[in-house]
2 protein chains.
Amino acid sequence: MIDKKNMKILKILQEKARIPNAEVSRQVGLAPSAVLERIRKMENQGIIDGYEVRLNPERFSRKQVAFIEIMPQPDAHIPDLGEKLAAIADILEVHYTAGNDGFLLKVRTTDTETLGEMLQKKITTIDEVLSTRTITVLSTIKETSRITID
Amino acid sequence: MIDKKNMKILKILQEKARIPNAEVSRQVGLAPSAVLERIRKMENQGIIDGYEVRLNPERFSRKQVAFIEIMPQPDAHIPDLGEKLAAIADILEVHYTAGNDGFLLKVRTTDTETLGEMLQKKITTIDEVLSTRTITVLSTIKETSRITID
DNA sequence: GATTTCAGAAGAATGTAATTCTGTTTAAGT
DNA sequence: ACTTAAACAGAATTACATTCTTCTGAAATC
């Protein structure tokens with residue numbers, strides 16, 4: 001189902017998701033109805049997961065990026081801990097990682113101060129959390145969620 | 001410029017970016033022309049940065065997430081190294097981090113094997129790279145780029 | 001090789017939506 | 001109160017989305 005035509009459609013949507021269907025159909029050389037049918041199908045099949053607006057974090061006081069490694073208590077219930085972490089505001093990503101059997105979080109806060117507050121008030125207060133290691137980001141060269149689709 | 005009405009508009013777009021303007025105008029209680037004007041302005045002011053389609057990585061053989069810490073050579077030219085890393089396919093994020101004065105990368109590959117290939121062929125071959133430490137992700141509990149907008 | 005079947009595409013029709021423009025209202029600063 | 005600029009509504013025009021029917025071509029079946 002991911003043939004050349006769909007690839008072309010997806011590449012267009014990756015560039016600019018809020019583009020009229022009719023414009024897509026022009027660029028891929030299909031009738032609008034055909035494009036619509038293809039997009040609907042990809043949505044239903046879970047190839048397309050949704051459409052997002054990309055906001056400028058700076059304009060919303062979320063300039064500071066940081067990554068936090070979480071070492072859980074030896075007896076911690078890992079899935080529970082994962083859910084607890086995922087529910088905390090401004091924690092954008094929660095990954096369970098190999099090696100140390102811990103979590104890696106990506107967070108976005110206003111500044112290092114609010115980052116520290118989050119650590120102290122929201123994260124280290126969780127019972128299952130044994131210790132943490134924070135990597136603060138000084139500058140970001142690249143940050144996208146666009147995956148390679150060949 | 002980021003007032004209550006714009007917040008309402010942005011929240012709607014965060015949920016579902018490919019929503020008709022007319023539908024947004026209904027939900028916020030403004031005329032379609034007013035909503036359009038507000039959105040255009042936010043786009044021009046860089047509050048809205050763009051619109052993206054969210055694809056299912058699994059369907060494009062990009063299931064494996066990993067984070068890679070890069071320790072640069074002491075004499076490395078940091079900006080150059082950052083650009084080199086950012087240009088490599090399947091490296092989605094390149095952050096320059098405090099503490100070790102290194103980079104943290106987020107990558108998406110097919111599996112651990114292709115991850116290993118990338119490391120050996122694309123990353124460790126760069127002169128300025130002294131050493132690396134890879135954190136492979138076993139499972140992801142949460143992964144979003146949606147920032148909190150209060 | 002003929003025939004059947006079916007997914008995908010086109011095209012037309014209809015109902016909506018996007019966009020532009022104008023005039024009015026609102027709010028802020030003087 | 002007066003001025004100025006920004007924001008909004010409403011109408012009109014243009015374009016688009018969506019549905020439905022028909023058609024085509026490629027594979028499967030006989």
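Proteins come first, then strands; the chains are lettered A, B, ... in the order of their sequence lines, and each starts at number 1.
One can place CZ of A:Arg18 at 13 Å from C1' of C:dT19, the figure rounded to the nearest angstrom. Look at CG on A:Asn6: it is 8 Å from P on C:dA9, rounded to the nearest Å. Protein atom CZ of B:Arg26 is 9 Å distant from nucleotide atom C1' of C:dA17, rounded to whole Å. With rounding to whole Å, A:Asn21 atom CG is found 15 Å from C:dA17 atom P. Counting to the nearest Å, the P atom of C:dA9 and the CG atom of A:Asp3 are 8 Å from each other.
Distance check, rounded to the nearest 0.5 Å: CZ of B:Phe60 to CE of A:Met7 gives 6.5 Å.
Counting non-hydrogen atoms of neighbouring residues, nucleotides and ligands closer than 6.0 angstrom, the NZ atom of A:Lys63 reaches no more than 12 such neighbours.
A salt bridge is defined here as a Lys NZ or Arg NE, NH1 or NH2 lying under 4.0 Å from an Asp or Glu carboxylate O, and A:Lys5 with A:Glu37 fails to meet this definition. Of the charged side-chain nitrogens involved, none lies within less than 4.0 Å of a carboxylate oxygen, so that A:Arg54 and B:Glu43 do not count as a salt-bridged pair.
No donor-acceptor distance shorter than 3.5 angstrom exists from the side chain of B:Lys84 to the backbone of B:Ile123, with no hydrogens or angles considered. Looking only at distances, a side-chain donor or acceptor of A:Arg18 sits under 3.5 Å from a matching main-chain atom of B:Ala17.
A heavy atom closer than 4.0 Å to some atom of DNA chain D occurs in B:Ala34, B:Glu37, B:Arg38, B:Lys41, these being the qualifying members of residues 34-46 of chain B.
Remark: B:Lys5 is not in phosphate contact with D:dA7, judged by side-chain N or O atoms under 4.0 Å from OP1 or OP2.
Counting atom types as modelled, B:Ser33 pairs a side-chain N or O with a base atom of D:dA9 as donor and acceptor under 3.5 Å.
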